[in-house]
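Structure, as structure tokens:
From a predicted model like this one, the values you see are computed outputs, not experimental measurements. Excluded from the calculations below are hydrogen atoms, water molecules and symmetry mates; all remaining heavy atoms, backbone and side chain alike, are included.
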Amino acid sequence: IDIGSNAVRLLLSNVYDDNGSTHFKKAELIRIPIRLGEDSFLHGKISGEKEDKLVTAMKAFKNLIDIYEAIDYRACATSAMRDADNRWDVIERVRKEAGIKIEIIDGKTEADIIYSNHIEEHLDKSHSYLYIDIGGGSTEITLFSKNKAVVSQSFNIGTIRMLHDQIDKEYWNYFKNWIREITKGYKPLIAIGSGGNINKLFRMSGRKVNKPVPTSKLKSLYELIESYTYEERIRVLGLNPDRADVIIPASKILLSVLKNAEIEKVLVPQIGLSDGIVHQLYDKYKERKVAEKV
């Protein structure tokens with residue numbers, strides 16, 4: 001379970017071992033746009049209304065976990081819950097009423113979980129890559145070179161924060177300068193993008209799976225989306241109401257990273273935090289099985 005600043009997600013996966021090769025197959029993915037970040041970033045706490053919605057969603061998730069007879073689960077809350085003054089009250093209520101234990105993770109842990117997808121194993125080792133995960137409350141950046149994570153950092157720059165003008169100019173400039181500094185000496189770079197908005201941009205680009213999207217294509221796509229009003233993005237482009245506004249700040253964040261890192265193409269494997277959680281849970285399960293044999 002990924003309790004994000006824009007939406008909460010439940011990913012249920014079937015995992016198959018085939019002669020040492022592990023395959024993760026999505027059984028169910030449910031996304032509910034609660035937008036905890038609107039409360040947390042603007043008012044410093046989760047409102048009663050959004051708390052009620054979160055509890056109801058977690059009850060539904062718990063029922064699905066039980067019906068699917070999941071071996072294990074993990075519920076991770078990110079930026080919005082980190083910033084909420086009443087986070088522990090909300091977590092305790094969810095535990096009591098829904099039977100779901102929520103863990104608040106910091107930006108570093110969030111980046112580590114996303115890294116658990118082991119995307120680097122499928123990359124060309126002769127290239128360097130910049131992993132960009134854009135969420136509602138934060139953006140995680142990881143630089144890979146020679147199959148290793150060189151540097152990783154989480155920034156309080158996200159689509160909900162940007163939508164409500166919560167990012168000051170000084171911090172934004174620090175973010176851009178950091179990108180420029182850490183990517184020096186690692187050119188040419190290829191980007192790997194994740195997060196709901198980047199996944200949506202990839203689908204709108206019409207690119208085939210495993211084919212990179214040129215930065216120029218993303219720029220023209222952003223200009224096209226921005227030329228429409230919010231209502232037109234829903235009616236003409238077919239975007240969901242909770243996607244039609246945040247896709248603009250997400251595009252701005254992504255294009256800024258690509259520009260400052262001088263990146264010309266982006267790979268979009270369409271994975272995220274919830275996929276990383278599943279990978280970690282399976283690793284834990286395997287370790288337990290090995291220990292039982294011993």
Side-chain angles (χ1 to χ4, degrees), residues 1-14 24-41 46 49-68 70 73-82 90 94 98 100 102-105 110 113-114 116-117 132-140 158-163 193-204 209 225 230 233-234 237-251 253-254 268-281:
I1 299 170
D2 169 10
I3 300 166
S5 304
N6 189 33
V8 299
R9 293 175 187 81
L10 169 69
L11 171 65
L12 286 151
S13 273
N14 291 312
F24 294 83
K25 187 164 171 51
K26 211 169 277 184
E28 195 75 66
L29 176 63
I30 295 155
R31 178 182 177 277
I32 303 170
I34 297 179
R35 290 216 165 165
L36 296 173
E38 280 184 340
D39 283 354
S40 187
F41 306 144
I46 308 293
E49 184 191 350
K50 290 200 189 290
E51 186 182 321
D52 289 345
K53 282 185 179 178
L54 180 64
V55 171
T56 303
M58 291 302 114
K59 283 178 180 174
F61 285 4
K62 181 65 167 69
N63 285 333
L64 284 165
I65 288 167
D66 291 345
I67 290 163
Y68 273 89
Y73 84 91
R74 186 181 182 190
C76 294
T78 56
S79 195
M81 201 69 93
R82 286 198 291 265
V90 174
V94 168
I100 294 280
I102 296 173
E103 178 187 344
I104 298 176
I105 57 170
E110 190 174 347
I113 292 172
I114 295 162
S116 303
N117 287 300
I132 309 156
D133 181 78
I134 299 171
S138 63
T139 293
E140 276 66 48
T159 58
I160 302 288
R161 289 188 200 268
M162 192 176 268
L163 201 62
S194 71
N197 288 294
I198 294 180
N199 290 342
K200 187 64 185 176
L201 286 167
F202 175 76
R203 289 193 290 273
M204 289 176 79
V209 177
I225 298 166
Y230 172 73
R233 286 175 218 149
I234 297 166
L237 299 178
L239 293 173
N240 287 334
D242 64 286
R243 181 72 69 207
D245 53 358
V246 291
I247 200 163
I248 296 293
S251 302
I253 296 166
L254 177 61
V268 185
Q270 302 196 66
I271 51 170
L273 185 72
S274 52
D275 301 89
I277 292 169
V278 165
H279 279 75
Q280 286 194 347
L281 285 171

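Considering all non-hydrogen atoms of both residues, Arg74 and Ile105 come closest at NH2-CG2, 4.3 Å. A pairwise comparison of heavy atoms in Ile160 and Glu38 identifies CG2-N, 3.8 Å as the closest pair. Across every non-hydrogen atom of Tyr230 and Pro241, the tightest pair is OH-O, 2.8 Å. Of all non-hydrogen atoms in Ile46 and Ser40, the two that sit nearest each other are CD1-CB, 4.3 Å. Of all the heavy atoms in Thr78 and Gly4, the pair that sits closest is OG1-CA, 3.6 Å. Here the closest heavy-atom approach between residue Gly195 and residue Asp133 is recorded as N-OD1, 3.6 Å.
Under a 3.5 Å cut-off, the side chain of Arg161 and the backbone N or O of Gly137 do form a donor-acceptor pair. Remark: the backbone N or O of Asp242 is paired with a side-chain donor or acceptor of Arg35 at under 3.5 angstrom. Although no hydrogens or angles enter the test, the distance criterion places a donor-acceptor pair under 3.5 Å between the side chain of Arg233 and the main chain of Ala244. A distance-only check finds no donor-acceptor pair linking the side chain of Ser5 to the backbone of Gly136 [under 3.5 Å]. Remark: side-chain polar atoms of Asp275 are paired, donor with acceptor, to backbone N or O of Gly272 under 3.5 angstrom. Between the side chain of Lys50 and the backbone N or O of Ile34, at least one donor-acceptor pair lies under 3.5 Å.
With sequence neighbours excluded, the residues forming a side chain to side chain contact (heavy atoms under 4.5 Å, CB included) with Arg203 are Asn199, Lys200, Gln270, listed by chain and number. Applying the side chain to side chain contact (heavy atoms under 4.5 Å, CB included) criterion to Ala70, with sequence neighbours excluded, gives Leu12, Ile65.
Note: Lys53 NZ to Leu36 CG = 10.0 Å, rounded to the nearest 0.5 Å. In this structure, CD1 on Ile277 lies 5.5 Å from CD1 on Ile113, to the nearest 0.5 angstrom. With values rounded to the nearest 0.5 angstrom, Lys26 atom NZ is found 12.5 Å from Asn14 atom CG. Of the inter-residue distances, the one linking Ile100 atom CD1 with Lys59 atom NZ reads 12.0 Å to the nearest 0.5 angstrom. Annotation: the span from Lys62 atom NZ to Ile67 atom CD1 amounts to 10.5 Å, rounded to 0.5 Å. Summarising the geometry, atom CD belonging to Glu28 is positioned 6.5 Å from atom CG belonging to Leu64; distances are rounded to the nearest 0.5 Å.
Side-chain contact check for Leu273 versus Arg9: every heavy-atom pair is 4.5 Å or farther apart.
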Intermediate values then yes/no, side-chain contact (heavy atoms from CB on, under 4.5 Å), Asn197 and Ile134: CA-CA 8 Å; Asn197 288 294; Ile134 299 171; 5.6 Å; no

Test side-chain contact (heavy atoms from CB on, under 4.5 Å) applied to Ile32 and Met58, step by step: CA-CA 10 Å; Ile32 303 170; Met58 291 302 114; over 6 Å; no

Steps toward side-chain contact (heavy atoms from CB on, under 4.5 Å) verdict (Glu51, Asp39): CA-CA 10 Å; Glu51 186 182 321; Asp39 283 354; over 6 Å; no

From CA spacing to verdict: side-chain contact (heavy atoms from CB on, under 4.5 Å), Ile225, Leu201: CA-CA 10 Å; Ile225 298 166; Leu201 286 167; 3.8 Å; yes

